[in-house]
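Working notes, structure below.
All of these numbers come straight from a predicted model, not from anything done at the bench. Numbers restart at 1 for each chain; the letters A, B, ... are given by sequence-line order, proteins then strands.
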Amino acid sequence: MQYCVSKMNEQLKPLGCSIDDRGFHCDFQPLKPGVWLDEKKASEIEKKVVEVEIEGVTIEKVPSESEGLPKLLERTAMYIVNGVKAFLEPSVRPSNKKVGALKILNISAHNPEPEVRLLRLSGVAFGSQEELESYFAWLREAAERDHRVIGQKLDLFSFHEEVGPGLVIYHPKGQVIREELIRMIREVNERLGYREVYTPHVYRSVLWKISGHYYLYRDKMVLANVEDEEYGLKPMNCPGHILIYKSRPRSYRDLPLKLSEFGTVYRWEKRGELYGLLRVRGFTQDDGHAFLREDQVKDEIKAILKEVMYVLGLFGFRGEGVKVYLSTRPEKYIGTEEMWDKATRALEEALKELGIPYEVREGEGAFYGPKIDVHFRDSLGRWWQCSTIQVDFALPERFALEYTDRDGSKKRPVMIHRAILGSVERFMAIILENFGGRLPTWLSPVQVRVITMVSKVRDYAARIVNLLKSEGIRVDIDDGDETVSRKIKRAYDEAVPYMIIVGMREAMQGTITVRGRRNLQVKDVNPELFVRLLKDEIAKRSIKQEALEKLVELQQHSSKGNQSF
RNA sequence: GCCGCGGUAGCUCAGCUUGGUAGAGCGCCGCCCUGGUAAGGCGGAGGUCCCGGGUUCAAAUCCCGGCCGCGGCUCCA
């Protein structure tokens with residue numbers, strides 16, 4: 001690639017190539033300002049790379065000449081390909097195998113240093129055209145599952161110019177999903193002993209000066225001057241919770257003190273970094289802070305970890321699809337080595353005692369304490385990090401937190417920050433993509449849709465709707481004068497998990513026809529039976545259509561001539 | 001913030017190269033059909049062509065600026 005490009009345009013000097021899980025990136029330095037490539041050129045390059053005969057060409061590794069090269073190339077290995085200098089990251093091994101298929105997906109600028117502007121070609125390469133095709137199929141699949149597309153199609157949320165970029169407006173159906181997620185975490189918090197609090201969105205900046213955010217993250221904070229005083233929107237919930245701790249003297253008997261909040265925070269991310277619900281400027285964390293004695297850290301971590309695994313498991317993220325990382329003391333840190341060792345050991349022991357496999361990331365901890373991050377893999381094979389458990393020595397210090405120990409001496413508590421979903425909006429985006437919009441019943445904004453076959457059964461349909469409503473099931477009705485197949489298509493398009501179809505036959509018998517996902521349908525169902533099974537499926541927060549499966553099973557045992565398509 | 005691309009009906013998009021009557025499909029509304037399982041038929045309404053400025057007799061179309069979005073880069077306590 002580097003060889004081909006430099007042959008095509010002498011003004012572009014190859015500067016390196018790296019590979020990650022999304023493909024390759026090749027960087028070039030334009031020798032004159034204004035030298036650039038467009039899409040037309042890119043497709044010429046694609047052709048040329050595939051055609052070029054490099055089989056048998058000697059690729060010679062030569063010692064990097066450090067002179068005259070930008071600093072960023074110091075670690076890059078240099079090769080000579082047919083007399084042209086090329087560079088590869090040390091992790092990328094050279095090969096003179098023929099490239100079967102190549103696609104340049106993006107031409108962009110790469111600024112490794114503020115002054116250096118490189119041309120970056122990003123794309124994918126495969127041994128054969130077929131592999132490239134299947135990659136495209138995957139890309140199309142991912143595009144169809146894009147949460148921004150689903151969010152609009154299912155009427156969940158929207159963004160508006162008048163509101164501002166990165167600020168989400170939730171529609172009724174989107175809010176149902178938010179509320180269900182929050183309700184689930186609320187139950188988790190209850191089990192863990194966290195008590196929910198509520199704190200304001202705006203604070204005098206002095207609070208952010210004490211916490212240190214004002215100095216470190218000022219450019220990401222929303223600040224406003226009102227009546228000659230500066231206020232700031234909260235970028236984090238912890239200072240608010242710390243003030244609750246500080247509102248009265250604390251004794252060792254008061255610990256652990258655990259506070260939780262679904263706190264909406266604002267972080268002014270740069271324009272280009274915003275991305276649907278995955279990266280926004282205002283979002284809600286399922287935040288929680290525990291104030292602990294050192295001897296309480298391990299148990300707390302264990303309890304949280306168990307719940308994290310439970311929550312991820314609810315969505316089918318488990319086993320090989322979950323990875324846990326323990327990040328240890330970085331070079332720059334606060335607190336004493338002894339504190340760090342104790343805390344890190346507590347995290348490690350917690351993981352070991354629970355039998356959770358984990359990987360240590362040496363020196364990757366935050367400056368204020370070690371942490372555990374949990375990653376999981378979605379149905380498209382992508383990895384995400386949402387849950388985090390962080391030990392913090394810094395904030396107790398900055399806010400001079402203390403408690404009176406058994407012997408009357410003043411001690412400093414340890415803080416744990418934890419979030420299971422992380423950001424509710426981000427988590428929502430991930431599960432929307434994971435399920436392709438077809439959410440489990442408990443999360444579905446509309447759980448059941450009643451569909452009429454003829455207008456004569458409207459009263460019967462209304463009775464069924466009322467029955468479900470009275471049982472707390474989210475139900476709506478489609479009783480317009482349209483064909484049944486049209487209504488069924490609409491329900492599928494809107495990702496409604498269950499349809500109840502009623503016609504003359506059902507109205508006469510006092511039964512319903514239940515249709516679920518994957519074209520599965522059961523006739524002659526007793527409405528009360530369905531309600532019971534459905535409530536059970538919802539209460540268990542199952543990701544499967546358990547009610548439907550049970551109906552199918554029951555039907556197979558009976559001799560009635562039911563059918564499933 | 002940087003590089004590239006884009007913004008036309010509620011949605012998806014065509015028209016823009018070459019300036020001169022604003023288009024399609026879906027959705028919506030109405031009528032017909034009273035339906036048995038993933039788009040029934042016919043008709044109708046619906047537009048500040050993102051905003052501001054410029055060029056021109058004339059701008060959705062060409063030029064400049066802004067806003068918003070998209071793909072990357074950088075960043076993500």
Side-chain angles (χ1 to χ4, degrees), chain A residues 22-23 25 27 30 36-39 42 104-123 139 143 146 148-149 152-153 155 158-166 208 211-221 234-239 265 267-276 278-281 283 285 366-369 371 385 388 390 392 394-395 417 419 422-423 426 451-458 479-494 499 501-506 513 515 517-521 523 563-565:
Chain A
R22 287 191 305 174
H25 310 281
D27 294 333
W36 210 249
L37 293 172
D38 56 22
E39 282 169 30
I104 293 169
L105 297 168
N106 195 265
I107 306 163
S108 66
H110 179 52
N111 309 63
E113 292 161 41
E115 298 312 308
V116 187
R117 196 190 130 194
L118 305 179
L119 169 79
R120 166 164 286 193
L121 298 178
S122 308
L139 271 189
D146 190 314
R148 294 164 301 182
V149 176
Q152 180 177 283
K153 221 167 70 182
D155 194 16
S158 55
F159 293 92
H160 299 267
E161 210 168 314
E162 305 89 315
V163 178
W208 310 115
S211 73
H213 295 112
Y214 191 87
Y215 307 106
L216 267 165
Y217 304 108
R218 198 189 162 154
D219 57 326
K220 287 201 171 181
M221 284 187 63
K234 66 171 162 187
M236 294 195 107
N237 300 304
C238 20
V265 296
R267 300 177 185 178
W268 227 243
E269 308 290 354
K270 289 185 207 155
R271 283 293 309 281
E273 292 162 353
L274 302 173
Y275 182 80
L278 284 169
R279 197 77 185 278
V280 288
R281 281 178 171 166
F283 60 96
Q285 296 178 311
F367 71 90
Y368 51 76
K371 60 173 182 175
Q385 188 232 305
T388 178
Q390 308 180 350
D392 183 357
L395 286 175
H417 307 248
S423 138
R426 196 173 123 91
I451 290 174
T452 56
M453 295 230 183
V454 284
S455 47
K456 266 183 262 176
V457 299
R458 271 188 189 141
D479 62 356
D481 291 331
E482 285 169 305
T483 57
V484 177
S485 59
R486 203 176 168 82
K487 295 182 202 174
I488 288 173
K489 166 141 175 46
R490 182 154 48 225
Y492 274 124
D493 284 347
E494 292 176 17
M499 288 168 238
I501 302 172
V502 292
M504 289 310 285
R505 170 193 172 107
E506 288 80 3
T513 292
R515 189 180 177 109
R517 288 177 173 151
R518 292 175 299 141
N519 280 346
L520 275 174
Q521 175 171 292
K523 288 188 178 179
Q563 52 180 325
S564 58
F565 299 100

Give A/Y275 one of three labels, base, sugar-phosphate or nothing, depending on what nucleic acid heavy atoms sit under 4.0 Å from its own.
-> sugar-phosphate
In whole angstrom, give the distance that lies between atom CD1 of A/I488 and atom P of B/G35.
-> 16 Å
Establish whether the base of B/C76 is bridged to the side chain of A/R426 by a donor-acceptor pair shorter than 3.5 Å.
-> no
Expressed as a whole number of Å, how far does the P atom of B/G65 sit from that of B/C2?
-> 13 Å
Could you say whether A/G272 or A/D146 is positioned toward the 5' end of RNA chain B, judged by the nucleotide with the nearest heavy atom to each?
-> A/G272
Please report the C-alpha distance between A/Y492 and A/M499 in whole Å, then the side-chain angles of each, then the deciding distance to 0.1 Å, and finally whether the side-chain contact (heavy atoms from CB on, under 4.5 Å) criterion is met.
-> CA-CA 9 Å; A/Y492 274 124; A/M499 288 168 238; 3.5 Å; yes
Touch check for A/S455, heavy atoms < 4.0 angstrom, all strands: base, sugar-phosphate only, or nothing?
-> base
Touch check for A/M499, heavy atoms < 4.0 angstrom, all strands: base, sugar-phosphate only, or nothing?
-> nothing
B/G43 and B/G25, which share atom name P, separated by this distance in whole Å | 11 Å
A/R518 atom CZ is separated from B/A38 atom P, nearest whole Å, by 17 Å
Between the protein and nucleotides 27-33 of chain B, which nitrogen or oxygen pairs come in under 3.5 angstrom?
unit_1: B/G27; atom_1: OP1; unit_2: A/R486; atom_2: NH2; d: 2.9

Find every protein N or O atom lying less than 3.5 Å from an N or O atom of nucleotides 7-13 of chain B, and list the pairs.
unit_1: B/C11; atom_1: O3'; unit_2: A/Q152; atom_2: NE2; d: 2.7

Describe the nucleic acid contact of A/H160 in one word from base, sugar-phosphate, nothing, applying a heavy-atom distance below 4.0 Å.
-> nothing
Partner residues of A/E494 under the salt bridge (charged side-chain N to carboxylate O under 4.0 Å, His left out) criterion, sequence neighbours left out | A/R449
Would you state whether a donor and an acceptor, one from the side chain of A/E506 and one from the base of B/G36, lie under 3.5 Å apart?
-> yes
Closest to the 5' end of RNA chain B, once A/V484 and A/G164 are matched to their nearest nucleotides, is A/V484
Mind checking A/F159 for me? I need base, sugar-phosphate or nothing, with any heavy atom below 4.0 Å counting as a touch.
-> nothing
Between A/R148 and B/G71, is there a side-chain N or O to OP1/OP2 distance below 4.0 Å?
-> yes
Which value, in whole Å, describes the distance between the C1' atoms of nucleotides B/G71 and B/U55?
-> 33 Å
